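Here's the structure we're looking at; comments come further down.
What you are looking at is a predicted structure, and each value in this text was computed from that prediction instead of being measured.
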Amino acid sequence: MDPDWDHAHTDVPRTGRAPGDLAERDADWRRLLDQTPNGHLLRDNAMLRSLASGAPIHLLHLTRSLDAVRSSGQLLASTGCLVGAVYGSPLTPAPGGTLRPHNLGTHLLASRGKLDSRRGSTPLVVEITPDRPAPAVGLDYLRLGPVHLRAYEAHRHALTPAEHEHVMRSVTDRVSAAAPFLDTLLRNASGWPSPDLPFIDALAAAVPVLPYLGYLYFETVAEYLMLHSASAATKEFAARGEMNNHLYKDLAFSAVTGMDTLFDLGRFHPGHSGLLDLVGRIEPALAPGAPAYIRRRLSHTFATTCLAPGRDTMAVTFRQAGPANLAAMAPGLLGQLLFREVRLLDRYPQLYHVFEQAKAMEAWAYWNTRNIVTPFNNACGPKGEVGLNPAVPQARVTVWTAETCERGLLHPIEQIEAAPAPRLVPWLASPLRDRTEEQRWNNRSTVPA
């Protein structure tokens, strides 16, 4: 097996992969998360049971390219949290041949009239019949840094020398500007906690410099909400074996203006008062405990996703860190930063397939070696994002167009002669950077610790 891909998949034991001198281990956090009000859903929920049953699996997939699917006979994979899978959410068979969407699917369907990325999309029902039962396997995209780094090192000669120099200089400058806060994260992870209020404000100030921190921040708040929520809706979904996805969707769209046009978690950076306001509007009782949870949890996640295995957390500092020592002490962080920096290049539309197809092909080979048909996003729990491995050799896949009824159920309408294909969707021109945040970085001041 590939140790970098093993590290990114959450069912593989992390023996030997963790940095040293951590106050808490992953096993400690697993016990803590299991004890939260909704922690039981992390190990036993309807989606996990369905994926591991060996019975046919039904997924909702939205496409804005139905004509292309019909004419080509192919369902193409997309990049994102599942690297190179056909993105979907679970469907549960209901009486009369209908299918009930997971609460994430209900959100996706309702957002078709609101989000530019889903406007005019057609719901498809994708039925996957595995050849045998297999364990459900999650993928944590926050742990893909070493994979991103390897892809950059293997294909960086597709860049011009000037582009490569610009990328490396920008990454180094960003780490240098954020170094005091990054060192604070490591001190927290080592058991020397900083006060909650200044920590959250310093995190908010660091995100525009290192947008990867926005992803960590958002996923940590999302985890906190989903695991601790006691709302009536959360309890109703839990009774069906589902985590409440509406919580973090509400969080994202209320926190960042324009998220409906460009869904970019690198722009998620509320300060302390903003965080309390956001969480308070979603579920007031959870607001007081949010800052302490986020400081503790995010610091641990940063250390375990960014540092090299076995690296002594207390001995690491990001002050005066250059590319060579970043690669040695924090390959996960360097990979995440390179991945995002390349996406800011004007020539990225031409480079997209060079870097993304390479990672997708590695993922497909890894999934086929392990008989992984439907990897799911497990960055903050098995919440309902499921992918179809488009290179799967054994499973049988059938596709229908579908319509929704007044009860919110999906009705398969027309079978389409289409099958998943191990190719990525073509590059779609869209703004990949927020000019305001880019200007803030170019006009940056010192990031507080």
Next item on the list: Go through the steps to decide whether Trp367 and Val137 satisfy the test side-chain contact (heavy atoms from CB on, under 4.5 Å), and finish with yes or no.
Entry: CA-CA 10 Å; Trp367 292 340; Val137 177; over 6 Å; no
Next item on the list: Using the side-chain contact (heavy atoms from CB on, under 4.5 Å) rule, take Leu210 and Arg340 through it: C-alpha gap first, then chi angles, then the decisive distance, then the call.
Entry: CA-CA 9 Å; Leu210 287 183; Arg340 286 163 178 81; over 6 Å; no
Next item on the list: Using the side-chain contact (heavy atoms from CB on, under 4.5 Å) rule, take Tyr248 and Glu219 through it: C-alpha gap first, then chi angles, then the decisive distance, then the call.
Entry: CA-CA 9 Å; Tyr248 70 86; Glu219 296 290 358; over 6 Å; no
Checklist line | CA sep, side-chain torsions, deciding dist, call: Tyr217, Leu265, side-chain contact (heavy atoms from CB on, under 4.5 Å) | finding: CA-CA 9 Å; Tyr217 190 3; Leu265 297 178; over 6 Å; no
Next item on the list: For the pair Arg187 and Thr184, evaluate side chain to side chain donor-acceptor pair (under 3.5 Å) and give the outcome as yes or no after the intermediate values.
Entry: CA-CA 5 Å; Arg187 288 195 299 272; Thr184 297; 2.9 Å; yes
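Heavy-atom contacts from other residues, nucleotides or ligands closer than 6.0 Å to CZ of Arg25 number more than 12. By the neighbour-count criterion of 12 heavy atoms within 6.0 Å, atom CD of Glu403 is sparsely surrounded, having that number or fewer from other residues, nucleotides or ligands. More than 12 heavy atoms of other shown residues, nucleotides or ligands fall within 6.0 angstrom of atom CD in Glu414.
Side-chain contact annotation: Gln357 with Tyr352, donor-acceptor N/O pair under 3.5 Å absent. Ser53 and Ser50 are not linked by any side-chain donor-acceptor pair at a separation below 3.5 angstrom, with hydrogens and angles left out of the test. Under 3.5 Å, the side chains of Trp400 and His411 contain no donor-acceptor pair of N or O atoms. Donor-acceptor pairing under 3.5 Å is lacking for the side chains of Glu356 and Thr79. When only modelled atom types and interatomic distance are considered, His7 and Asp140 share no side-chain donor-acceptor pair under 3.5 Å. A side-chain N or O of Thr10 and one of Asn378 form a donor-acceptor pair less than 3.5 Å apart. One side chain, Asn377 or Glu385, offers a donor N or O that lies under 3.5 Å from an acceptor on the other. For the residue pair Asn188/Ser194, the side-chain donor-acceptor check at 3.5 Å is satisfied.
For the atom pair CG of Leu388 and CG of Leu75, the computed distance is 7.5 Å after rounding to the nearest 0.5 Å. Rounding to the nearest 0.5 Å gives a distance of 6.5 Å between CG of Leu66 and CG of Leu124. Interatomic distance, NZ of Lys359 versus NE2 of His155, reported as 9.5 Å (0.5 Å rounding). Atom CZ of residue Arg281 and atom CG of residue Leu251 lie 9.5 Å apart, to the nearest 0.5 angstrom. Between atom CG of residue Leu225 and atom CG of residue Leu278 there is a gap of 9.5 Å, rounded to the nearest 0.5 Å. A distance of 11.0 Å separates CD in Glu127 from CG in Leu91, rounded to the nearest 0.5 Å.
Electrostatic pairing of Glu341 and Arg174 counts as a salt bridge here, judged by a charged N lying under 4.0 Å from a carboxylate O. Ion pairing between Arg370 and Asp11 holds under the 4.0 Å rule for side-chain N and carboxylate O. For the pair Glu362 and Arg150, the salt-bridge criterion is met [side-chain N within less than 4.0 Å of a carboxylate O]. Taking the charged nitrogens against the carboxylate oxygens, Glu24 and Arg30 have no contact shorter than 4.0 Å, which rules out a salt bridge. Ion pairing between Asp28 and Arg31 holds under the 4.0 Å rule for side-chain N and carboxylate O. Remark: Arg100 engages Glu242 in a salt bridge, criterion side-chain N to carboxylate O under 4.0 Å.
Formation of a donor-acceptor pair under 3.5 Å by the Asn371 side chain with backbone atoms of Thr369 is not found in this model. Listed for the Ser65 side chain is no donor-acceptor partner under 3.5 Å among the backbone atoms of Ala68. Panel note: side chain Asn368, backbone Ala391; a donor-acceptor pair is recorded below 3.5 Å. Of the possible donor and acceptor atoms, one in the side chain of Thr313 sits under 3.5 Å from a partner among the backbone N and O of Gly20. Side-chain atoms of Asp21 do not come within 3.5 Å of backbone N or O of Asp312 as any donor-acceptor pair. In terms of modelled atom types and a separation under 3.5 Å, the side chain of Thr305 and the main chain of Thr301 share a donor-acceptor contact. Of the possible polar contacts, one joining the Asn103 side chain to the Met243 backbone as a donor-acceptor pair under 3.5 Å is found. The backbone N or O of Ile372 lies less than 3.5 Å from a partner atom in the side chain of Asn389, making a donor-acceptor pair. No donor-acceptor pair closer than 3.5 Å links the side chain of His58 to the backbone N or O of Val125.
Residues Ala418 and Val399 approach most closely at O-CG2, 3.8 Å, considering heavy atoms. The minimum heavy-atom distance linking Ser229 with Leu247 is given by the pair CB-CD1, 3.7 Å. When all heavy atoms are compared, the tightest approach of Asn244 to Ser231 is ND2-OG, 4.3 Å. For Asp250 against Ser254, the heavy-atom pair with the smallest separation is O-OG, 2.6 Å. Ile200 and Gly271 make their closest contact through CG2-C, 3.7 Å (heavy atoms, listed as atom of the first residue, atom of the second, distance). Leu41 and Leu48 make their closest contact through O-CD1, 4.5 Å (heavy atoms, listed as atom of the first residue, atom of the second, distance).
Side-chain contact between Leu108 and Pro101 is absent, with no heavy atoms from C-beta onward closer than 4.5 Å. Considering only heavy atoms from C-beta on, Val126 stays 4.5 Å or farther from Val86 through its side chain. With contacts defined as side-chain heavy-atom distances shorter than 4.5 Å, the pair Val342/Tyr348 qualifies. Between Phe302 and Leu213 there is a side-chain heavy-atom pair separated by less than 4.5 Å. Side chains of Leu59 and Ser89 form no contact here, defined as non-hydrogen atoms less than 4.5 Å apart. The closest side-chain heavy-atom distance from Thr398 to Gln415 is below 4.5 Å. A heavy-atom distance below 4.5 Å is not found between the side chains of Leu424 and Leu76. Between Met47 and Val386, the closest side-chain pair of non-hydrogen atoms falls below 4.5 Å.
The aromatic rings of Tyr152 and Phe355 sit parallel to each other, their planes meeting at less than 30°, with 60° as the upper class boundary. Ring orientation note: the planes of Phe339 and His148 are close to parallel, at an angle under 30° on the 30°/60° scale. Aromatic ring orientation, Tyr212 versus Tyr215: parallel (interplanar angle below 30°, classes split at 30° and 60°).
Both tests hold for Arg296 against Trp29: distance to the six-membered ring centre under 6.0 Å, angle to the ring axis within 45°.
Proximity of the aromatic rings of His272 and Phe199 is defined here by a centroid distance below 6.0 angstrom, and this criterion is not met. Checked against the 6.0 Å centroid threshold, His102 and Phe237 do not count as a close aromatic pair.
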